[in-house]
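Notes for the one structure printed next.
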Amino acid sequence: MNYFHTLRERIRVELALLAEAGALPKGLEFGGIAVDPPRESNHGDVATNAALVLAKPAGMAPQKIAALLAEPMGAHADTERAEVAGPGFLNLTFRDSFWHKRLAEALAARDDFGRIRDGGGGRVNVEYVSANPTGPMHVGHARGAVFGDALASVLTFAGADVTSEFFINDAGAQVEALARSTHLRYRQALGHEIGEIPAGMYPGDYLVPVGQQLAATYGKTYENAPEAEWRDAFGDAAVAAMMREIRGDLDALGVRHDVFTSESELVAAGKVDDTLSTLRGKGLIYEGVLEPPKGKEPEDWEPREQTLFRSTDFGDDIDRPVRKSDGSWTYFATDTAYHADKIARGFDTLINVWGADHGGYIKRMRAVVEALSGGEVALDVQLCQLVRLMRRGQPVKMSKRAGEFVTLRDVTDEVGKDVVRFIMLTRRNDAPLDFDFATVTEQSRDNPVFYVQYAHARCRSVLRNAATELPALDLSPAALADADLGCLTHPDEIALIKSLAGWPRVVEAAAEAHEPHRIAFYLRELAACFHTLWTRGKEDATLRFLIPGDEARTAARLALVSGCASGLAVGLRIIGVTPAEELR
RNA sequence: GCGCCCGUAGCUCAGUGGAUCAGAGCAGCGGACUUCUAAUCCGCAGGUCGGAGGUUCGAGUCCUCCCGGGCGCGCCA
């Protein structure tokens, strides 16, 4: 369905025929041949670099090869023009009939338009959010959540076998701090005056109900008990409560993970020891002393012997510690075990979605995955830059220390999940993003969510009107696909079909590059093509979609509208945004 | 000091495996409506793609260095 592939095949066939006929040398490699849309639209619909790629191995001038190829390509019934351009590009321009076929394909495929069935892609694990279970999610998490969810979705659509996953960091010092903070709230619930929340504890109000619940469960049992007696139980209870909160927040965003993996369970199951033994067996774990960091030496630096992973063997800057001085594992060690677990589960590709502050962590993680999988498993880390919350152009101040920050739920409740999801994909993930409450709720061209949804709503509105005004017309997809699409000849009609026909290529590129934002950008383009055509009908009544008395033309135009609506809906669903039937 | 990311129009950003004459929106200017066929559209104007080298038939795109911004840098996750 990606017509660029079809054309590349056709070009290879013609080149092979030319070689057989003796016009080209035999045995040429066609691997580097690409078919792309030219940058300039007046250069035609597609361009191929075939002649430039083959010039050197064939020992011929590129223009000569292009001219040879232009003959058979230009003779094809779909081709309007085949022109040799520049240093040896072959530009092809198609007849309308070519585009009518693409629309027919889109209509026939409906919700599966652009889906890649035999795309392979293997088994892919996408790990995202993995927010610490020590409090509710904030807006920064939303970006990773939306990005990861949309990525998993587009990969699935592109034929990969995808598992989406959340790693629960429910082990280590932060959970102990959480347990202590919860104990404080428990005492508070029992009537104690707790005063200021001490530094190092979580001050947020969200632990108050957890404390109350524990007071109801345990009464005064642990009121003055030593920490060792209540720490595990309180930690577990708090983590469970926080995870319920986080899942609720994610649910409100329409984000769902297939698998939740618990760090503490990995530790308890001895997975960390197992993994480090494996690495030790490969000679990659040793006791050693690290050099102090250059330039910015911490005050309290002193040389210390540590258990280290030899990540420098795999391109990291220094070897990385796996054990703290109290004997417990570092986070890196448990994360290593987690990745070993993912590898053992048979994934071909691991994708991790992290905040930008984890950039320094990438090299060691790649090192571990390479070491554990023998280079068989690919690890791609996608970093999401910060989100700046804005209100009327002014940044919203947030103080995490004071426990005062805008939670994800606050934002979702205020503007809706569709807005949050779309806006998070209006920038590349590695570029910072401003999220302005005023803009994103506005109903105007400034607001891309609205713009795209409005295009879809307009399509649906036309189809609804058609059903009432022309009840005799069969609006079923099958019937519309059989309409005489040859009626569609206006440049803006063809432009809309071209945009729609480009969708399979967008899916493929977004999946391959792990860049779901491309879908959001594409949808804006498709919506723009539709809005343009719609307005044509205002200026010229003969260009309206519904032409009374001309059923053939009306059916063809409704087919186009239906295809467009379908394309918008498919794309919106992949990024998790509801295709609105109407906007009021 | 080192590592990673970024630098494209006044502003916010796209630019798909390097490929023919650099794109969009906003803001600005000029046009098209009694609102699900104007919450929209059309036109005009706006850039030595941070700088300098290098590779190449060809560089916004790849390599090196420099300048500027962000993030990070041994027992935090």
Side-chain angles (χ1 to χ4, degrees), chain A residues 32 34 36-40 42-43 47 49 52-53 55-56 62 85-89 91 130 132 134 169 171-175 263 289-298 301-304 306-308 316-332 334-335 355-363 381 383 385-386 426-428 430-434 439 442-448 450-451 454-455 457-462 464-465 505-506 508-510 512-513 515 517-518 521 524-525 528 531-539 541 543-546 582-584:
Chain A
D36 295 298
R39 215 176 260 180
E40 291 286 323
N42 56 20
H43 288 149
N49 63 351
L52 290 151
V53 172
K56 206 172 258 180
F89 290 96
N91 295 337
S130 299
N132 290 336
T134 54
N169 299 133
Q174 60 173 357
V175 174
E263 180 186 2
V289 179
L290 288 175
E291 293 289 311
K294 292 190 175 60
K296 184 202 154 203
E297 187 165 328
W301 177 271
E302 52 188 61
R304 194 174 6 235
Q306 291 173 293
T307 307
L308 299 167
D316 200 1
D317 310 310
I318 55 170
D319 291 336
R320 303 293 177 176
V322 294
R323 204 188 276 278
K324 301 183 200 171
S325 53
D326 67 358
S328 64
W329 302 115
T330 60
Y331 180 75
F332 174 58
T334 53
D335 213 9
D357 54 342
H358 287 56
Y361 202 71
I362 296 176
K363 282 186 178 177
V381 179
L383 295 182
Q385 275 290 348
L386 298 177
T426 54
R427 293 280 177 271
R428 269 179 25 221
D430 52 9
L433 170 74
D434 284 351
T439 312
E442 201 173 298
Q443 296 203 333
S444 78
R445 167 122 224 196
D446 291 5
N447 180 357
F450 171 78
Y451 186 75
Y454 187 47
R458 274 182 154 176
C459 289
R460 302 302 306 170
S461 164
V462 170
R464 279 196 302 273
N465 290 343
R505 184 180 152 88
V506 171
E508 198 178 301
E512 207 166 306
E515 292 183 354
H517 76 271
R518 292 187 191 202
F521 280 89
R524 271 206 275 198
E525 275 175 37
H531 284 310
T532 296
L533 186 56
W534 170 290
T535 308
R536 286 285 172 266
K538 281 299 272 191
E539 296 159 354
L543 288 174
R544 292 165 75 101
F545 296 118
L546 306 180
E582 57 179 354
L583 297 171
R584 288 287 180 190

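Each chain gets a letter, A, B and so on, in the order the sequences are listed, and its residues count up from 1.
The main-chain N or O of A:Tyr451 is found under 3.5 Å from a side-chain atom of A:His531 such that the two form a donor-acceptor pair. The main-chain N or O of A:Gly355 is never found under 3.5 Å from a side-chain atom of A:Gln385 such that the two would form a donor-acceptor pair.
When the C1' atom is used for both B:U56 and B:G46, the distance is 33 Å, rounded to whole Å. Taking the C1' atoms as reference points, B:G69 lies 23 Å from B:C26, given to the whole Å. Rounded to whole Å, the P atom of B:A9 lies 10 Å from the corresponding atom of B:G51.
Taking only distance into account, the side chain of A:Asn91 meets the base of B:U20 through a donor-acceptor pair shorter than 3.5 Å. In terms of polar N and O atoms assigned as donor or acceptor, the side chain of A:Arg505 comes within less than 3.5 Å of the base of B:U16 in a complementary pairing.
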Atom pairs under 3.5 Å: protein N/O with N/O of nucleotides 2-5 of chain B:
{"residue": "B:G3", "atom": "O3'", "partner": "A:Lys363", "partner atom": "NZ", "Å": "3.3"}
{"residue": "B:G3", "atom": "O2'", "partner": "A:Lys363", "partner atom": "NZ", "Å": "3.4"}

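Heavy-atom distances to RNA chain B give each of A:Asp36 and A:Pro321 a nearest nucleotide, and the one nearer the 5′ end belongs to A:Asp36. Comparing A:Asp326 and A:Asn465, the nucleotide of RNA chain B nearest to each residue sits closer to the 5' end for A:Asn465.
Applying the 4.0 Å criterion to OP1 and OP2 of B:U16, one finds that A:His517 has every side-chain N and O outside that range. For A:Thr330, no side-chain nitrogen or oxygen approaches OP1 or OP2 of B:G74 to under 4.0 Å.
Distance CZ (A:Phe545) to P (B:C41): 13 Å, rounded to an integer number of Å.
By the 6.0 Å and 45° rule, A:Arg524 stacks over the aromatic ring of A:Phe521.
Heavy atoms of A:Ala457 sit under 4.0 angstrom from at least one base atom.
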Base-pairing string, 5' to 3', of RNA chain B - Watson-Crick or wobble, under 3.5 Å, | interstrand:
(((((((..((((.........)))).(((((.......))))).....(((((.......))))))))))))....
